[in-house]
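To keep things clear, I will list the structure first and then write my remarks on it.
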Amino acid sequence: MLIEELYDALIEAGASEAKAKAAARAIADYEKRFGGIERELASLRSDFRTELTEFRSEVGRNFAEVNRQFTEIRSDVERKFLEFRSDIDKQFAGVDKQFASVDRQFAGVDRQFAESRAYVEKEFTDIRGTLKLHNWMMGSTIALLTAMFLKMFY
């Protein structure tokens, strides 16, 4: 295969017929190579899109799994806290019955207990808020990474 326009131009420019044919064939070979490179790039692009789609799907599944685990942990912590609170309340109710007269003498102890309880409840509230923030931050990070991948490869 040779490019006739190039062949004709080289002949007209004064090149020998053999050299004009050789140059026209060499250029035609380059065109074949470029065509092959274009096909290979199209194939790579298609493969990349497939991989990116699979990656997005995997990230989505992983995020859903993390979210599920987070929900389970949160539920478990709340249940355990309620059990703990219930047990403590039961124990103090028994102690209150036995030591009604001592309660007047230990009003300061009750005040400290109330402060400790408020502190524990505040800490659990802070933990819940922090977990929600982490969940939001993870979603934002995944969205940012997805946006960066899309920007880089599209």
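All residue numbers refer to positions in the sequence shown, counting from 1. What you see below is based on every heavy atom in this structure, not just the backbone, and it leaves out hydrogens, waters and symmetry mates.
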With side chain to side chain donor-acceptor pair (under 3.5 Å) as the test, would you mind laying out the steps for Ser43 and Arg39 before giving the verdict? CA-CA 6 Å; Ser43 174; Arg39 284 189 299 278; over 6 Å; no

Full working for side-chain contact (heavy atoms from CB on, under 4.5 Å) between Ser16 and Lys19: CA-CA 5 Å; Ser16 71; Lys19 288 182 180 181; 3.3 Å; yes

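With hydrophobic clusters built from ILVMFWY side chains whose heavy atoms lie under 4.5 angstrom apart, Phe70 does not share a cluster with Val77. Both Met152 and Phe55 are part of a single hydrophobic cluster, where members link through side-chain heavy atoms under 4.5 Å apart. A continuous path of ILVMFWY side-chain contacts below 4.5 Å connects Val59 to Met138, so both sit in one hydrophobic cluster. Residues Leu131 and Met137 do not share a hydrophobic cluster, defined by chaining ILVMFWY side chains whose heavy atoms lie under 4.5 Å apart. Hydrophobic clustering (ILVMFWY, side-chain heavy atoms < 4.5 Å, transitive): Ile127 and Val120 are in distinct clusters.
Looking at heavy atoms from C-beta onward, Asp8 lies out of side-chain contact with Glu12 at the 4.5 angstrom threshold. In this structure, Arg49 and Arg45 have side chains that are in contact, with non-hydrogen atoms separated by less than 4.5 Å. Counting only heavy atoms from C-beta outward, the side chains of Thr53 and Phe48 never approach each other to under 4.5 Å.
In terms of heavy-atom proximity, Glu17 sits nearest to Ile11 at CA-CD1, 3.5 Å.
The neighbour count for Glu65 CD, taken as heavy atoms of other residues, nucleotides or ligands under 6.0 Å away, is above 12.
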Which pairs of donor and acceptor atoms, one on a side chain in residues 83-93, lie under 3.5 Å apart (sequence neighbours left out)?
residue : atom : partner : partner atom : Å
Glu83   : OE2  : Arg79   : NH1          : 2.8
Arg85   : NH2  : Glu121  : OE2          : 3.3
Asp89   : OD1  : Arg117  : NH2          : 2.9
Asp89   : OD2  : Arg117  : NH2          : 3.4

